[in-house]
Amino acid sequence: MMKGIKFDNTHSFKNLNLVLSDVNIPPATVKTNFVDIPGGDGSVDLTEALGEVKYNDRECTFTFTVFPYDNFEVKKRQVSNLLNGQRCKITVEKDPGYYWQGRCFVNEYASEKNIHKIVVGATVAPYKLKTNVTKVNVPAGTKVTKNLSNGRKRVVPTITCTASATIVFNG
């Protein structure tokens with residue numbers, strides 16, 4: 001099976017006949033906030049003033065090689081019309097179970113001899129998201145303790161009850 005990228009429901013190889021040659025998803029960078037105090041030494045670090053560290057968006061790139069028998073001009077137009085400026089769900093097949101959400105743009109067209117490349121960029125949110133939402137069903141009348149692990153990103157759970165229930169959170 002050829003590994004590739006899905007942009008919403010469009011697969012880079014199966015639908016566009018592009019060969020994925022490089023994926024660059026850099027680490028999230030911290031949103032720092034240092035305030036200089038005039039007349040004082042150093043600065044005050046307000047990075048965690050709202051309770052936790054926050055992160056900047058990521059700038060990703062996906063490099064694709066175009067088959068030599070494909071018309072490069074047609075392929076450039078096809079990829080640009082499909083992705084340039086579009087916000088979409090980006091699934092990297094080598095990282096199953098997760099996706100990125102962001103805005104795509106065509107970053108570069110490159111040709112060297114008979115090798116043609118298209119580089120698609122994306123500005124994505126700092127966190128990758130789970131493809132399948134964490135969901136727990138508890139039968140009515142049972143007493144259970146559930147710990148729902150969700151990685152680093154803080155989330156607020158949605159609790160739906162079909163009968164009267166007592167829910168205890170943090171004591």
Side-chain angles (χ1 to χ4, degrees), residues 1-33 47-67 70-72 74-110 115-138 144-162 167 169-170:
M1 180 169 104
M2 177 63 66
K3 297 293 183 189
I5 307 286
K6 278 182 74 177
F7 299 96
D8 285 333
N9 294 316
T10 302
H11 190 276
S12 59
F13 183 74
K14 295 173 190 165
N15 301 114
L16 298 173
N17 207 33
L18 297 172
V19 176
L20 180 63
S21 45
D22 187 52
V23 173
N24 180 20
I25 302 174
T29 57
V30 177
K31 282 187 173 184
T32 57
N33 186 2
T47 302
E48 296 178 70
L50 297 176
E52 65 183 3
V53 174
K54 299 295 182 188
Y55 296 92
N56 293 303
D57 288 340
R58 300 178 195 225
E59 294 294 326
C60 306
T61 56
F62 311 104
T63 304
F64 301 97
T65 302
V66 178
F67 281 104
D70 278 341
N71 183 320
F72 188 47
V74 170
K75 191 60 63 178
K76 289 186 331 188
R77 194 167 44 252
Q78 181 186 22
V79 172
S80 290
N81 287 340
L82 180 73
L83 297 176
N84 204 25
Q86 299 303 306
R87 183 163 179 79
C88 60
K89 178 178 167 180
I90 302 165
T91 306
V92 180
E93 284 186 337
K94 70 177 187 175
D95 192 13
Y98 294 92
Y99 68 94
W100 300 91
Q101 188 72 43
R103 187 159 309 278
C104 294
F105 52 92
V106 176
N107 198 23
E108 180 183 359
Y109 305 120
I115 306 294
H116 305 295
K117 295 194 180 289
I118 298 175
V119 180
V120 175
T123 302
V124 300
Y127 297 100
K128 63 183 173 181
L129 303 170
K130 287 183 178 181
T131 303
N132 298 316
V133 175
T134 302
K135 199 174 203 178
V136 176
N137 291 317
V138 178
V144 294
T145 300
K146 292 287 181 182
N147 291 320
L148 304 177
S149 176
N150 234 20
R152 177 87 185 250
K153 181 179 171 75
R154 288 184 183 237
V155 295
V156 177
T158 299
I159 300 171
T160 305
C161 300
T162 57
I167 299 167
F169 179 74
N170 282 344

Output the distance between atom [atom1] ([X]) and atom [atom2] ([Y]), rounded to the nearest 0.5 Å.
X: Arg77; Y: Tyr109; atom1: CZ; atom2: OH; result: 9.5 Å
X: Cys88; Y: Gln101; atom1: SG; atom2: CD; result: 7.5 Å
X: Trp100; Y: Asp95; atom1: CH2; atom2: CG; result: 8.0 Å
X: Thr65; Y: Ile115; atom1: OG1; atom2: CD1; result: 7.0 Å

- Stepwise side chain to side chain contact (heavy atoms under 4.5 Å, CB included) test for Leu18 and Leu20: CA-CA 6 Å; Leu18 297 172; Leu20 180 63; over 6 Å; no

Is it the case that atom [atom1] in [X] sees more than 12 heavy atoms from other parts of the structure closer than 6.0 Å?
X: Leu50; atom1: CG; result: no
X: Asn9; atom1: CG; result: no
X: Lys31; atom1: NZ; result: no

Hey, are the side chains of [X] and [Y] touching, using non-hydrogen atoms and a 4.5 Å cut-off?
X: Asn24; Y: Cys60; result: no
X: Phe7; Y: Cys104; result: yes
X: Val119; Y: Phe62; result: no
X: Leu82; Y: Leu16; result: yes
X: Leu83; Y: Gln86; result: no
X: Lys76; Y: Val106; result: no

- Do you know which of Ile25, Val120, Val23, Asn107 makes side-chain contact (heavy atoms from CB on, under 4.5 Å) with Thr61? Asn107

- With respect to Tyr99, which candidate in Val92, Val124, Thr131 satisfies the side-chain contact (heavy atoms from CB on, under 4.5 Å) definition? Thr131

- Message: Could you tell me if Asn56 and Thr29 have a donor-acceptor pair between their side chains, going purely by distance under 3.5 Å?
- Response: yes

- Message: With a 3.5 Å distance limit and no angle check, can you tell me whether Arg103 reaches the backbone of Thr123 through a side-chain donor-acceptor pair?
- Response: no

- Task: Using the six-membered ring wherever Trp is involved, compare the ring planes of Phe72 and His116 and label them parallel, tilted or perpendicular (cut-offs 30° and 60°).
- Result: parallel

